[in-house]
Amino acid sequence: MKKDTEFKQVLTLFPVVLFGLAYMVPMTVFTTYGIVSQLTLGMLPAAYAITLLTMLFTAYSYGNMVKAYPYTGSAYTYAQKSLNSHAGFFTGWILLLDYLFLPMINYLVIGIYLNAEFPSVPNWVWVLLAILIVTFINVRGIKVVTNVNFFLIAFQIIVIAFFLILSVKTILTGGGTGTLFSTLPFFNPEGSPSLVFAGAAILCLSFLGFDAVTTLSEETVDAKRTIPKAIFLVTIIGGVLFIIVSYVGQMVYPNYMSFEDPDSAPLQIAVFIGGNLFKAMFLAGYVLGCFASAASSHASVSRLLFAMGRDTILPKKIFGYISPKYRTPLYSTVIVSFLALSSLVFSLDTVASFISFGALAAFTIVHISVISHYFVKHKRRSLKESILYLVIPFIGIVLCLWLWTSLSRDAFILGIGWFIIGVVYLAYLTKMFKNKPPELNFDEKAS
């Protein structure tokens, strides 16, 4: 690769994990808290447990693929190199649906919460301000993003700690269920497994951080070792935290159907356990967490666009451009900022479903890529290798498809529509499929 299209390898395990956690947002458990609590009839922790199980299988496959192809582009690169260029294109196209909507959901939530607290300031003002700040941070470089993330994550952890302490105190003094132990958050006789899986499908967006770290492969020192470790650490830390927080939340406020507004239900719980003082602290932590996630997700999608631009699948002069001064994909970053303005026209639950649709589709393709690369192409077929590279990825495929079919009808309509647009664009790009989509030739030989 030419020098002017290379990133600097500056990231180690700790900042990569921080990037993933910031992208995931420790407080993202509160983003769809009210929506999924009502959908699952209070079995939010059970839904998180199912999602965590699915994500662990998926993290395993991502770890295997990043060892084979330690390059930016994530699932797009894996499908392109292990399957074929057409599969790579459609994986990248589906990933765009996921990655483009994730910054949007952060800007949307920032607008919802700040407008609820300061109704005199229009929602669009908060959204626009957030986009401008995040764009500035991302243009300055990935090190700036990780440095900002450290402080934002630290504050979120403090807020979550206070949430847990105040909740437990309220429960022990007779509030909520009055007990710390109950099976209802995991099994409600009035509910059904289908409701839990429907909730788990939406919650996939909460884990979008472990896969995003793969987009930093070309900026990470010893990516083949560092990225797989970061993937598992981000998945496990996030999953365990989500289950604990959602369980305690259900115990302290079991009346999930009484939320005045499901989109901002956690603010109602915050007032219940800590009054207006904790509500202010909670709001600050949550909004700052959304900023951290917006900065990280904005960085990831701009790098995905860069990878596709570098391959000339998207216009190379625009998307394949890196700022000589900051060594960041400048034009891609700015374009993502303009697209993020569409967050003003979507609802929270709709965006969450859209993101999960793209994520689950991409996760499924990554599992298939593991089987193709290791089991089929490289013939890794001993008993142990068959378990590692065929059985485990296949289980991951089944789990992803199960959750995928639990998504809403609107998510499928948008997803299929986006796929059709991709087919039309690919037909144009390849002159009615007469040519292959262009691929990037790496100097470093993939294993």
Side-chain angles (χ1 to χ4, degrees), residues 22-38 97-139 145 148-149 152-153 155-156 159 202-203 205-206 208-209 259-271 276 279-302 333-356 358 410-411 414:
Y23 194 110
M24 181 182 287
V25 186
M27 292 185 70
T28 195
V29 62
F30 299 113
T31 299
T32 54
Y33 186 98
I35 296 170
V36 180
S37 288
Q38 293 184 348
L97 185 66
D98 169 6
Y99 278 41
L100 285 172
F101 271 101
L102 196 54
M104 291 181 196
I105 200 171
N106 287 292
Y107 299 129
L108 176 61
V109 170
I110 288 172
I112 289 173
Y113 275 72
L114 290 180
N115 179 252
E117 190 66 16
F118 307 102
S120 61
V121 181
N123 184 298
W124 68 266
V125 173
W126 297 115
V127 172
L128 182 59
L129 180 61
I131 291 174
L132 290 173
I133 293 173
V134 169
T135 301
F136 173 78
I137 292 173
N138 271 283
V139 167
V145 174
V148 170
N149 285 345
L152 296 183
I153 291 174
F155 188 64
Q156 288 180 74
V159 174
I202 295 175
L203 296 178
L205 75 90
S206 299
L208 297 183
F259 292 137
E260 296 174 2
D261 180 6
D263 286 350
S264 58
L267 283 180
Q268 195 171 331
I269 300 176
V271 173
N276 289 326
K279 176 186 177 182
M281 180 182 182
F282 180 91
L283 179 64
Y286 188 67
V287 170
L288 287 175
C290 288
F291 267 107
S293 179
S296 297
S297 57
H298 208 112
S300 280
V301 70
S302 65
T333 300
V334 174
I335 288 171
V336 173
S337 299
F338 278 105
L339 293 175
L341 291 172
S342 61
S343 59
L344 294 172
V345 300
F346 291 106
S347 66
L348 185 59
D349 57 336
T350 300
V351 174
S353 295
F354 292 165
I355 293 171
S356 293
D410 288 342
L414 176 73

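We're numbering straight along the sequence, starting at 1. Note that the structure is a prediction, hence the values are computed from the model and not measured.
- For the pair F354/L100, no side-chain contact is recorded, criterion being any heavy-atom separation below 4.5 Å from C-beta on.
- The side-chain contact (heavy atoms from CB on, under 4.5 Å) test applied to I335 returns I318, F319, L339, not counting sequence neighbours.
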For this session: Would you check, one step at a time, whether the test side chain to side chain contact (heavy atoms under 4.5 Å, CB included) holds for F282 with L267?
Result: CA-CA 8 Å; F282 180 91; L267 283 180; 3.8 Å; yes
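- Taking 4.5 Å as the limit, every side-chain heavy atom of V127 sits out of range of all side-chain heavy atoms of I110.
- Residues A294 and V134 approach most closely at O-CG1, 3.7 Å, considering heavy atoms.
- For the pair Q156 (side chain) and M27 (backbone), a donor-acceptor distance under 3.5 Å is present.
- Partners of S353 under the side-chain contact (heavy atoms from CB on, under 4.5 Å) rule, at least two apart in sequence or in another chain, are I202, S408, A411.
- Remark: side-chain polar atoms of E260 are not paired, donor with acceptor, to backbone N or O of Q268 under 3.5 angstrom.
- Scanning both residues, A340 and M104, for their nearest heavy atoms gives CA-CG, 4.0 Å.
- With sequence neighbours excluded, the residues that form a side chain to side chain donor-acceptor pair (under 3.5 Å) with S337 are T135, H298.
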Exercise. Hey, mind stepping through F136 and I131 against side chain to side chain contact (heavy atoms under 4.5 Å, CB included) and telling me if it holds?
Worked result: CA-CA 9 Å; F136 173 78; I131 291 174; over 6 Å; no
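- Residues V159 and Y286 are not in side-chain contact: their nearest non-hydrogen atoms beyond the backbone lie 4.5 Å or more apart.
- To the nearest 0.5 angstrom, N106 atom CG is 10.0 Å from F291 atom CZ.
- Residue pairs meeting the salt bridge (charged side-chain N to carboxylate O under 4.0 Å, His left out) criterion with at least one member in residues 285-300, sequence neighbours excluded, do not occur.
- Note on residues 279-295: pairs passing salt bridge (charged side-chain N to carboxylate O under 4.0 Å, His left out), not counting sequence neighbours, are E117-K279.
- Residues A352 and T32 share a closest heavy-atom pair of CB-CG2, 4.1 Å.
- When every heavy atom of A265 is checked against every heavy atom of G34, the shortest pair comes out as CB-CA, 3.8 Å.
- L132 meets the side-chain contact (heavy atoms from CB on, under 4.5 Å) test with L128; sequence neighbours excluded.
- Of all heavy-atom pairs spanning C290 and V109, the tightest one is SG-CG1, 3.7 Å.
- S37 meets the side chain to side chain donor-acceptor pair (under 3.5 Å) test with Q250; sequence neighbours excluded.
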For this session: I would like to know whether T333 and V336 meet side chain to side chain contact (heavy atoms under 4.5 Å, CB included); could you show each step before the answer?
Result: CA-CA 5 Å; T333 300; V336 173; 5.9 Å; no
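- Applying the salt bridge (charged side-chain N to carboxylate O under 4.0 Å, His left out) definition to pairs two or more places apart or across chains, none involves residues 129-138.
- When the ring-ring contact (aromatic ring centres under 6.0 Å, His included) test is applied to F259, the partners found at least two apart in sequence or on another chain are Y253.
- Remark: Y113 OH to F118 CZ distance equals 14.5 Å, nearest 0.5 Å.
- If you take CG on L283 and CG on N276, they are separated by 11.5 Å, rounding to the nearest 0.5 Å.
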Show me the side-chain donor-acceptor pairs of residues 119-126 shorter than 3.5 Å, one per line, residues at least two apart or across chains.
residue, atom, partner, partner atom, Å
N123, ND2, G111, O, 3.4

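- Distance check, rounded to the nearest 0.5 Å: CG of D261 to OG of S264 gives 4.0 Å.
- The ring-ring contact (aromatic ring centres under 6.0 Å, His included) check on Y33 picks up nothing, with sequence neighbours excluded.
- Qualifying ring-ring contact (aromatic ring centres under 6.0 Å, His included) partners for Y107, counting only residues two or more places apart in sequence or in other chains: none.
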